[in-house]
Amino acid sequence: MVSKLKFLLNQRITPKQALQIHACIIVNSVTHLEPLLVRQVLLSVSNYSASIIRYVELILHHMQAPDAFSWGFTVRFLSQNGRFSEACSLYSEMQRLGLCPSSFAVSSALRACARKVDKVGGSLIHAQAHKLGFCGCVYVQTALLDLYSRVGDMETAQRIFDEMPERNVVSWNSALSGYVKTGNVKMARKIFDEIPEKDVVSWNSMISGYARVRNMEQAALLFQQMPERDSASWNAMLSGYIDYGNIESARRLFDAMPQQSSVSWITMIAGYSKCGDVDSARILFDQIAVKDLLIYNAMIACYAQNSRAQEALQLFNDMIQPDVDILPDEITFSSIISACSQLGDLTSGFWIESCMRKLGIRMDDHLITALIDLYAKCGSIDKAYELFNDSRKKDVVSYSAMILGLGMNGRAVDAIRLFKEMVEAGINPNLHTFSGLLAAYSHAGLVEEGYRCFKSMRDYGLVASVDHYGIMVDLLGRAGLIKEAYNLIASMPTQPHSGVWGALLLACRMHNNVEIGEIAGMHCFELEPDRAGYYSLLANIYASAGLWTNVKKIRNIMQEKGFTKVPGCSWVESGLYI
DNA sequence: CTAGGGTTAG
């Protein structure tokens, strides 16, 4: 068996073959493998990142006594392929086994902590590197510099940088990107100007620094001045224009690029997604000759974020077909679960969960939160609660999902309690949190408390969005406080959308208020002329007041517009309410 | 090995 494996490994193996080797190891329980052999397995498969990562870890765990090299290699391998959590846990595991990490493993583990923005974990490794005497190694120093830069501790980063006896261009660039990431363009520029030999990465970092603070003029200036541009330079400009909200400029740049990379396509698709232009995103997507996992993820996310759940699921289905055969990852599933949640489709939720188990997908915080939302929206509030309670890291997103779910399931008291718990835990609520909380008050009909809650948003430094006003109008309107609801709309700092006026119109129908109902109706007609529901609501308001001439007028308009049937109960489905 | 550009949850 071992000799057979050895033979295979001396060939140039493909990912599929590597998988077969792995299967052999498992099936035949070859646990007495020599470290050398496993080392070769690791080296062979490391050329095929994405789909093979999970197996590397498995292989390691099937070795009898892996040596420090194999552990270190695996840590580096995982860290370089975006599996930061796995890299960190393997790093600590090798130490529990009494193996001494090399500077190789240390810098990889530091990189993993840096990317995870895990300052505590990173500091522990820092202390350890110190003890092991690795702090004189320029790679370790640069990794430390990068760690503190990424967690936003620029004082420590600067200190490490100052104490470095020798700096290479990577060290300079790490410090530079630290200031770029913390939004300190001034210091970034200072570092940039001091770099003895700037390379293309230095220029790119500085460009994205300007792009980050929306200074596209300076970014464009540097872009023109730089001696050579690579793909990342163009992409930095591209994402700058997109964050700036200037999709047209982004597209012009995209079309002018000498060569679009995978990153360019993804940036562009995400850009269209952000401004709601799903169709343009799809047109781009279809033009891509070779689509990888991240491109599928971007397009699926685009559908999911723009309420086109059905298409998200369809694309997911396409990508797992044998002719495409791309393995989905955590990010794919986050979007897919969100899509199922939008459809209120618990059945496909179960299917997705079994799919994830089959693929060995790890439940990360994003996935747990997505599942909480799915179960909560589908009425399985207890299952959602279970997930929430079991989750290690509760943040503002998972709390918000849970609060929203409780409110929707008529458990306003629990929602309010959870909100208090969250604030006491030192987690700051955001706009999403208040959408859920206000909706809970609205469902429970707690007018005064809801209004107080709405007012309290300011105390958290939050400015209510149109949607929050919509919920408040609904809350007041249902309680019959039509005039107050109307005044609230009048006091809005931004233009109300049709949802807000629609909520008022519905309240007027419930309480038969002709005067304000007319105003609300007119606004609705103006904002959404082709929605029949608004017309019939106003007609009903007139009818209830016996204003039959007005009823007739509305009916005539409806006929002219070709609205034949008067929708009765489509209001909930039509999305006026969440 | 360490640095720059991209995809995820309410």
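Here is how names work: the chains are called A, B, and so on, in the same order as the sequence lines, proteins then strands, and each is numbered from 1.
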> Counting only non-hydrogen atoms, which of residues 189-205 of chain A are less than 4.0 Å from DNA chain B?
Replying inline: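 D199(A), V201(A), N204(A), S205(A) - these, ordered by number, are the residues of the stretch whose heavy atoms sit under 4.0 Å from the strand.
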By the 4.0 Å heavy-atom rule, please label [X] as base, sugar-phosphate, or nothing.
X       : result
S341(A) : nothing
S262(A) : base
N430(A) : base
S177(A) : sugar-phosphate
R229(A) : nothing
D243(A) : nothing
S79(A)  : nothing
Q342(A) : nothing
V180(A) : nothing

> Is K394(A) salt-bridged to E421(A), going by a charged N under 4.0 Å from an acidic O?
Replying inline: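 Between E421(A) and K394(A) there is no salt bridge, as every charged N stays at least 4.0 Å from the carboxylate O atoms.
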> Taking the six-membered ring of F223(A) as reference, does the NZ or CZ atom of R229(A) fall below 6.0 Å from its centre and within a 45° cone about the axis?
Replying inline: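 Yes - R229(A) lies over the ring of F223(A), closer than 6.0 Å to its centre and within 45° of its axis.
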> Can D292(A) and S262(A) be counted as having a side-chain donor-acceptor contact under 3.5 angstrom?
Replying inline: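 Short answer, yes.
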>> Distance alone, cut at 3.5 Å: any donor-acceptor contact between the side chains of Y241(A) and R252(A)?
In response: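 No, no side-chain donor-acceptor contact under 3.5 Å.
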> S341(A) side chain to I337(A) main-chain N or O, any donor-acceptor pair under 3.5 Å?
Replying inline: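 Here the side-chain-to-backbone pair does not exist.
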>> Check whether R111(A) reaches the backbone of S79(A) with its side chain - one donor and one acceptor, N or O, closer than 3.5 Å.
In response: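 Side chain of R111(A) to backbone of S79(A), a donor-acceptor pair under 3.5 Å: yes, one is there.
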> Nucleotide range of DNA chain B contacted by chain A, 5' to 3', under 4.0 Å to a heavy atom?
Replying inline: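 The contacted stretch runs from dC1(B) to dG10(B).
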>> For F192(A) together with W172(A), are the ring centres under 6.0 Å from each other?
In response: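 W172(A) vs F192(A): aromatic centres not under 6.0 Å.
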> When the ring planes of Y469(A) and F454(A) are compared, do they come out parallel, tilted or perpendicular, using 30° and 60° as the limits?
Replying inline: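 Geometry flag for F454(A) against Y469(A): perpendicular rings.
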>> Taking ring-ring contact (aromatic ring centres under 6.0 Å, His included) as the definition, give me every residue that meets it alongside Y399(A), ordered by chain and number, with sequence neighbours left out.
In response: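 Expected list: F388(A).
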